[in-house]
Colleague: 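Below is the structure I would like to discuss, written out as structure tokens.
Position 1 is the first residue of the sequence, and the numbers go up from there.
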Amino acid sequence: MSFSYDTKTEICKYLPGSKCCAIAECYGMLLYANTFSAREIRIITGNQNLGRRIAKMFPQAFSLTLDNVPEEGQIGKQAYIVSDPDKLSHIFETYGISPGVLLAHHVNLGVLEDECCRRSFIRGAFLTGGAITDPKKSYHLELVTDHYSVSREAYSLLLEIGFSPKETSRGGNYITYFKQSAAIEDFLTLIGAPLHAMELMSAKLEKDMRNSVNRKVNCDTANVAKLVDASAMQIEAIKKIEAAGKFETLQEKLRQTASLRLRNPELSIRELADISAPPVTKSCLSHRLRKLVELSSQMTAQ
């Protein structure tokens, strides 16, 4: 199963403890569901755990049952439906909506006065309209609805709770989303998926560690390449001086440094400085090697 599927399964393990939170969670589900109209409520999901939760939540919130509950064990996406006019009227009245004059859905904040109910509303919105990518690949969590005002008001609600989501639209739908791993961790914890919040945190730590190792390896590789190139240039310069018969005319310190480099082509300047007799500073040895390269260049120019 996907990370998104498993996250919703974790959330579905526990039902809300109070009726007000059940009403708030169903409100989020309905406003982010496939259909929420005066003629029909239709929630489609392929997650049987969520389907069972929906079938239990409606009696808890509204004291009524769904008109269509798929049989257990059916494979693929299934529809959970309310179509009875009296049931629909009762549900709409619960949220202070008059079906006969409904033009566009809004979030009735009067239903979400308590903090626990706001949390439940966001949880319901995620269960029917949310998705999250596998954190091993990327960080992205989104809530999708086809109601513009609902998306804007849910965005404001998240701001009040302390989040800083982004907004966009896609294919006629309105999307509220997060791309920061820390924000997604907090969001999952808020809606009742702490285990998957920890899994995301673990994936981030593993990814950060891997990136850190890769950066170090790349840095070390670059340093080795620089060392090899510099050593090759210095050795070539020394051999030019030897070929021109000028080696013995060099100052004693330059001859010692040249011999040391020829015998130890793989060592860094720091390592060459340490084994010099007597030992010299890295700066001193670097200066001598630059001098040898300059002398070789002058001979080539002549």
Colleague: If hydrophobic clusters are built from ILVMFWY residues whose side chains come within less than 4.5 Å, do Ile11 and Ile161 share one?
Modeller: yes

Colleague: Would you kindly confirm whether Leu188 and Val144 end up in one hydrophobic cluster when ILVMFWY residues are joined by side chain heavy atoms under 4.5 Å apart?
Modeller: no

Colleague: Would you say Tyr148 has more than 12 foreign heavy atoms packed within less than 6.0 Å of its OH?
Modeller: no

Colleague: For the residue pair Leu88 and Glu40, what are the closest heavy atoms and their distance?
Modeller: CD1-N, 3.8 Å

Colleague: If the plane angle is over 60° it's perpendicular, under 30° parallel, otherwise tilted; pick one for Phe121 and Tyr32.
Modeller: perpendicular

Colleague: List the atom of Ala33, the atom of Ile43, and the distance in Å for their closest heavy-atom pair.
Modeller: CB-CG1, 3.8 Å

Colleague: Taking the ring centre of each residue, are Tyr177 and Tyr139 less than 6.0 Å apart?
Modeller: no

Colleague: Would you find more than 12 non-hydrogen atoms of other residues, nucleotides or ligands less than 6.0 Å from Lys207 atom NZ?
Modeller: yes

Colleague: List in chain and number order the residues that pass side-chain hydrogen bond (donor to acceptor under 3.5 Å, both in side chains) with Asn49, two or more places apart in sequence or in another chain; answer none if no residue qualifies.
Modeller: Thr9, Asn47, Arg52

Colleague: Could you verify whether a donor N or O on one side chain and an acceptor N or O on the other, from Arg123 and Ser120, lie under 3.5 Å apart?
Modeller: yes

Colleague: Take atom CE of Met233 as the centre, draw a 6.0 Å sphere, and report whether it contains more than 12 heavy atoms from other residues, nucleotides or ligands.
Modeller: yes

Colleague: State, to 0.1 Å, how close Phe247 and Ser259 come at their nearest heavy-atom pair, and which atoms those are.
Modeller: CZ-OG, 3.7 Å

Colleague: State whether Phe178 and Lys166 meet the cation-pi test: NZ (Lys) or CZ (Arg) under 6.0 Å from the six-membered ring centroid, and within 45° of the perpendicular axis.
Modeller: no

Colleague: Is a donor on one side and an acceptor on the other found under 3.5 Å between the side chain of His140 and the backbone of Ile132?
Modeller: no

Colleague: For residues Ile184 and Leu159: do they belong to one hydrophobic cluster (side chain heavy atoms under 4.5 Å, members Ile, Leu, Val, Met, Phe, Trp, Tyr)?
Modeller: no

Colleague: Atom NZ of residue position Lys204 - does it have more than 12 heavy atoms of other residues, nucleotides or ligands inside 6.0 Å?
Modeller: no

Colleague: Is it the case that over 12 heavy atoms from other parts of the model lie below 6.0 angstrom from the NE2 atom of His287?
Modeller: no

Colleague: Between Ile91 and Leu64, is any pair of side-chain heavy atoms under 4.5 Å apart?
Modeller: yes

Colleague: Below 4.5 Å, heavy atoms only, C-beta onward: do Ile241 and Leu295 meet side chain to side chain?
Modeller: yes

Colleague: Is any side-chain heavy atom of Asp146 closer than 4.5 Å to a side-chain heavy atom of Tyr174?
Modeller: no

Colleague: Between His105 (side chain only) and Phe36 (backbone N and O only), is there a donor and an acceptor less than 3.5 Å apart?
Modeller: yes

Colleague: Would you indicate whether the side-chain heavy atoms of Lys19 and Ser63 approach each other to under 4.5 Å?
Modeller: yes

Colleague: Could you pull out the closest heavy-atom pair between Gln256 and Ala277, with the gap in Å?
Modeller: OE1-O, 4.2 Å

Colleague: I need the Ser89 OG to Ile97 CD1 distance, nearest 0.5 Å.
Modeller: 11.0 Å

Colleague: Using a strict threshold of under 4.0 Å (side-chain N to carboxylate O), is an ion pair present between Glu271 and Lys282?
Modeller: no

Colleague: When rounded to the nearest 0.5 angstrom, what is the spacing between CG in Leu292 and NZ in Lys240?
Modeller: 13.0 Å

Colleague: Does CD in Glu113 sit with more than 12 non-hydrogen atoms of other residues, nucleotides or ligands closer than 6.0 Å?
Modeller: no

Colleague: Just verifying a value: how many Å separate Gln234 CD and Arg261 CZ, rounded to the nearest 0.5 Å?
Modeller: 4.5 Å

Colleague: Quick one: closest heavy-atom pair of Ser276 and Leu260, and the distance?
Modeller: OG-CD2, 3.3 Å

